[in-house]
Amino acid sequence: MVYTDPMSDTIAPYLDGLNEAQRLAVETVEGPVLVLAGAGTGKTRVLTTRLAHILATRRAFPSQLLAVTFTNKAAREMQNRLTTMLGPTAEGLWLGTFHSIGARLLRRHAEIVGLKPNFTILDTDDQLRLVKQLLEAEDIDEKRWPARLLLGLFEHWKDRGYVPDTVPEAEQKSDIAGGRAAALYRLYQERLIALNAADFGDLLLHNLTILRSRQDLLAATQQRFRFILVDEYQDTNVAQYLWLRLLAQSHRNLCCVGDDDQSIYSWRGAEIGNILRFEQDFPGARIIRLEENYRSTPNILACASTLIARNVGRLGKTLWTTREAGQPLTLRSLWDSPQEARWVGEEIESLRRDGLALSEIAILVRTTFQMREFEERFIAMGLPYRVIGGPRFYERQEIRDAIAYLRLTHQGDDDLAFERIINTPRRGIGSSSMKTLHAVARAEGLSLSMAAERLITTDEVSAAARRSLNDFLISVSRWRGRAASLKPADLGALILDESGYTRLWQEDKSADAPGRLENLKELVAAMAEFETLQGFLEHVSLVMENAGTDNQERVSLMTLHSAKGLEFDAVFLPGWEEGLFPNQRALEEKGHAALEEERRLAYVGITRARKYGFVSTVANRRIHGQWQAMTPSRFVGELPEDHIRKKAEHGLGPGQWPGQPNILDPSSQLRRLSGPVIAAEQLRPRRREGDGFRLGDRLFHQKFGYGTVRGLDGNRLHVAFDKAGEKLVMDNFVEKA
DNA sequence: CCGGGGTCCATTTTT
DNA sequence: TGGACCCCGG
C-alpha cells in the first residue's frame with residue numbers, strides 16, 4: 001500500500017519495526033478483530049500503532065475513535081505513546097477507562113435516567129454507608145445481612161447489566177435479606193438518583209439504559225464511533241460487553257485485544273466467556289495471535305507455556321522467542337515460611353552482587369498476609385523494599401473529609417457529604433440533631449441541606465444547634481458563591497481554612513496529624529491543575545493515584561494480581577502450596593473454573609520474569625496463628641523438568657516434589673553456603689548529604705510510622721516510635737519528619 | 001468522646 | 001495470631 005498523505009509518513013517508521021503478526025493486527029482495520037496478545041508480545045505497541053495508523057490514513061477523525069482500557073495507567077500510557085507518534089493529531093480521541101468514558105457520556109444525557117449533569121460519583125465508602133442506612137430504615141438486621149454482602153450483590157447485578165426490573169426471577173427469590181434483596185436494590189438505586197449520585201457500576205449501567213431506551217441516541221452514538229478499540233478484553237464484564245456490542249453494531253469496526261490466559265478477575269465480574277466467544281458474537285471476526293515474546297528467556301516461557309497448557313478453557317497460543325535459553329527456573333523447598341523469607345533475601349543479595357538493580361526484582365505473593373514475613377526479613381537485613389497496592393491517596397480519612405467539603409460546595413444535595421462533615425470539626429450537631437434532620441428530610445422529601453435550612457426557622461432542634469447549622473449553611477453558600485470566580489485550588493484552600501478543618505489537624509497531637517496536613521496540602525496542590533471544581537472531583541473519584549512516587553532502589557513486594565502488566569528481571573514466586581496456591585477457598589467456591597483461574601495466576605506470575613524465576617514451597621506455614629503442615633502446590637509438578645532446577649533443604653527427603661523424583665543440587669547449595677556473605681551495608685543506597693540525625697529529631701519510617709530519635713549508634717538509630725514502641729533502625733530507612 | 005475489652009473474621013482489587 | 005469492629009462504661 002502506498003500513501004501519498006504526509007501524515008502516513010510520520011508513522012511509517014513505526015510500522016516498519018513490527019513483526020508480521022503485529023503488522024497484521026495494526027493494518028486489519030475494518031471489521032471485528034480479536035488480537036490475542038500473549039504476555040510480553042508488544043501489545044501496547046500494537047494498540048497505539050493501530051490507532052495512529054487509522055488516524056494517519058485519515059480513516060477517521062480523532063473524535064470518531066473510541067479506545068477503552070481498564071486502568072488509568074494503561075490509558076495514560078497509550079495517550080503518551082500516541083502523542084509521541086503523532087503530536088497534536090493524537091488529541092481529541094475518546095481514550096480512557098470504561099468508567100471515565102462512561103461518566104463522560106452519562107453527563108451528556110444524565111436527565112434521561114433522572115440525574116443532573118453535575119452528579120456525584122460515589123466511592124465504596126459512600127456506597128456502604130448508603131446501604132447501611134437502607135438496612136436500618138428497612139429494619140433488616142445488619143448482623144445477619146452485612147451491608148458489604150448486599151452491596152456485593154448489587155454490584156454483581158450491575159456487572160451483569162441488570163437494573164432492578166431485570167434481575168432474573170431466580171435470583172430475586174434468594175433468601176438473602178429475607179428475600180428482599182431485589183427490593184433493596186431498587187431502593188438503593190432510587191436513593192442514588194435522589195442524591196444525584198452514581199456509583200461506579202452506574203457509570204456504565206445508566207449508559208446501557210439510555211442507549212436502549214433512546215433509538216435516536218443509540219444511532220447517533222453508533223454513527224459517531226467509527227472505530228472502537230478495547231484493551232484487556234478478557235477482563236470485561238457482561239455490562240461492558242453489552243455496551244461495546246451496542247456501540248459497535250453499526251460500523252462493526254471493533255478491535256479487542258486481550259489474553260484469555262491472563263484472565264484473573266472473574267471474582268469481580270470479568271467474563272472469560274466474552275473473549276472465548278468473540279468469533280460467535282461477531283461473525284466474520286479475524287483472530288490474530290501475537291506469540292513472539294520479547295520479554296522472557298525460553299526457559300521461562302517453557303515453564304509458563306507448559307503450565308498453562310493444562311487449562312481446558314482457552315483459545316490456545318504458544319509463546320516463542322529467539323533469545324538465548326537463559327537460566328532454568330529455580331525451584332526451592334524450605335522448612336517453614338521464615339526460612340523462605342530468609343532464602344529469598346539471600347537470593348536477592350546474590351542477584352544484587354551479580355549487578356541486578358533492586359528495582360528489577362519483585363516478590364509476588366498470592367495473598368497479602370504472606371507479605372509480612374518478607375517485610376520483617378527485609379527490615380532485619382536492611383533491604384529496601386516497597387509494597388505495591390496499599391491504601392490509595394483518596395481513601396485516607398482526611399482526603400475524604402476534604403473532598404466531602406468540596407462535594408457539598410459543588411452540589412448541595414450530596415447528603416453523604418453533608419453527613420460526613422457536618423460535625424467535623426465539631427459543631428455541636430450530634431446524633432439527636434441528626435435524627436431530627438433525617439426525619440424532616442425523609443418526611444418532606446428534602447435533602448439534608450434543605451432540611452437544615454428549614455429547621456433553623458423552627459424550634460425542633462436546640463438553639464445552639466440551630467445557630468450552628470445556620471453558620472454552616474451560610475459558609476457553604478458563601479463557598480459556592482466563590483466557586484465561580486476562584487480557581488479550584490484557591491477555593492479548596494479557602495474552604496479547608498474557613499471550615500476549621502485544617503485547624504482540626506493542626507490542633508491534633510497524634511502522631512499522624514503532620515502527615516495528614518501534608519496530604520491536605522498535596523490535595524490542594526493537585527487541584528491547581530484543574531479549571532473547574534467538577535473536573536477536579538471527577539479526577540479524584542476516577543483517576544487520582546497514590547501520592548508519592550519515589551524512584552529509589554527497592555525491591556517490589558505485591559500480590560500476583562497487582563503484578564499483571566508489569567515485568568522484572570527477577571521474579572520470586574513464594575508460597576506454592578496446596579490450599580494457599582491454588583487457593584482453597586477459591587476452589588471450594590468455584591471448583592474447576594477456579595483451578596484454571598489460579599493456574600492463569602501462576603502463568604501471569606511466571607511471565608513477569610525476564611531472566612530469572614524462583615518458585616518456592618514451604619513445609620510449614622503459620623496461618624491464622626496456627627502452624628500448618630503444607631504440601632507443595634500441584635502447579636509445582638506441572639512445571640517442565642527440563643526447564644527447572646530443583647533445590648531442597650537438607651533433611652527434606654525425596655517425595656518433596658509431587659509426582660517427580662527429587663533431584664538435589666548440592667553443588668549450588670554449597671556455593672550458597674560458602675560464598676562470601678555480602679554486608680548489608682553494601683546493599684543499601686548510599687546515604688545522602690545532610691541526612692544526619694540528632695537526639696530528639698522527629699522522623700518517619702515506612703513500617704513503624706513516626707517516632708523520636710532516642711539514641712545514635714553509627715548508622716543505626718534508637719527510635720521511640722509513637723505507635724510501634726522502641727526500635728533499632730537503619731538511618732537510611734527513615735526520613736526526617 | 002475516648003478507650004478497653006470482647007467478638008468475629010481471615011483471597012484476589014480497579015474504578 | 002492480629003485486625004477491624006462494636007458495645008458499653010467512665
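Just the heavy atoms: all of them, side chains too, but no hydrogens, waters or symmetry mates, feed the values below. Numbers restart at 1 for each chain; the letters A, B, ... are given by sequence-line order, proteins then strands. All figures in this text were calculated on a predicted structure; none of them were measured in a lab.
Between A:Arg160 and A:Glu271 no salt bridge is recorded (no basic side-chain N to carboxylate O distance below 4.0 Å).
Out of C:dG2, B:dT15, B:dT13, the shortest distance to the side chain of A:Arg372 is found at C:dG2. Side-chain proximity of A:Arg268 to the nucleotides C:dG2, B:dT11, B:dT14 is greatest for B:dT14. In this structure, of B:dT12, B:dT15, B:dT11, it is B:dT12 that holds the atom nearest to the side chain of A:Thr368. Of the candidate nucleotides B:dT11, C:dC6, B:dT14, B:dT11 has the atom nearest to the side chain of A:Thr367. Checking B:dT11, B:dT15, C:dC7 against every side-chain atom of A:Lys143, the shortest atom distance belongs to C:dC7. In this structure, the nucleotide among B:dT13, B:dT15, B:dT11 sitting nearest to the side chain of A:Ser562 is B:dT13.
Proximity of A:Thr559 to the phosphate of B:dT13: a side-chain N or O atom is located under 4.0 Å from OP1 or OP2. OP1 or OP2 of B:dT15 sits under 4.0 Å from a side-chain N or O of A:Asn72. When the side-chain nitrogen and oxygen atoms of A:Arg426 are compared with OP1 and OP2 of B:dC1, one or more of them lie within a distance under 4.0 Å.
You'll find the side chain of A:Trp267 reaches within 4.5 Å of the side chain of A:His561, heavy atoms only.
Side-chain polar atoms of A:Tyr603 and A:Gln262 form no donor-acceptor pair below 3.5 angstrom. Looking only at atom types and distance, the side chain of A:Asn274 has a donor-acceptor partner in the side chain of A:Thr236 under 3.5 Å away. A donor and an acceptor atom, one from each side chain of A:Tyr265 and A:Glu597, are nowhere located under 3.5 Å apart.
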Item to check | A:Lys158 vs A:Gln189, side chain to side chain donor-acceptor pair (under 3.5 Å): CA-CA, chis, key distance, verdict | outcome: CA-CA 11 Å; A:Lys158 289 188 180 190; A:Gln189 288 303 86; 2.8 Å; yes
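Atom CZ of A:Arg622 is separated from atom C1' of B:dA10 by 15 Å (rounded to the nearest Å). Rounded to an integer number of Å, the gap from A:Arg148 CZ to C:dC6 P is 11 Å. The CD-P distance, from A:Glu155 to B:dT14, rounds to 14 Å in whole Å. Note: CE (A:Met558) to C1' (B:dT13) measures 14 Å, nearest angstrom. As rounded to whole Å, 6 Å separates atom P of B:dT13 from atom CH2 of A:Trp267. B:dC9 atom C1' lies 15 Å from atom CG of A:Leu149, rounded to whole Å. Residue A:Arg585 contributes atom CZ, which lies 11 Å from atom C1' of B:dT12 at whole-angstrom precision. With rounding to whole Å, A:Gln370 atom CD is found 11 Å from B:dT12 atom C1'.
Between the P atoms of C:dA4 and B:dT11, the separation comes to 14 Å (whole Å). Comparing the P positions of C:dC5 and B:dT12 gives a spacing of 15 Å, expressed to the nearest Å.
Heavy atoms of A:Gln240 sit nowhere under 4.0 angstrom from any nucleic acid atom. No engagement by A:Glu588 is indicated, since no non-hydrogen atom pair under 4.0 Å with the nucleic acid exists.
Residue ring and nucleobase are not stacked for A:Phe200 and B:dT14 under a centre distance beneath 5.5 angstrom and an angle between planes beneath 30°.
Nearest-nucleotide positions on DNA chain B for A:Leu587 and A:Glu395 put A:Leu587 closer to the 5' end.
Side-chain atoms of A:Arg366 come within donor-acceptor range of the base of B:dT12, with a qualifying N/O pair under 3.5 Å.
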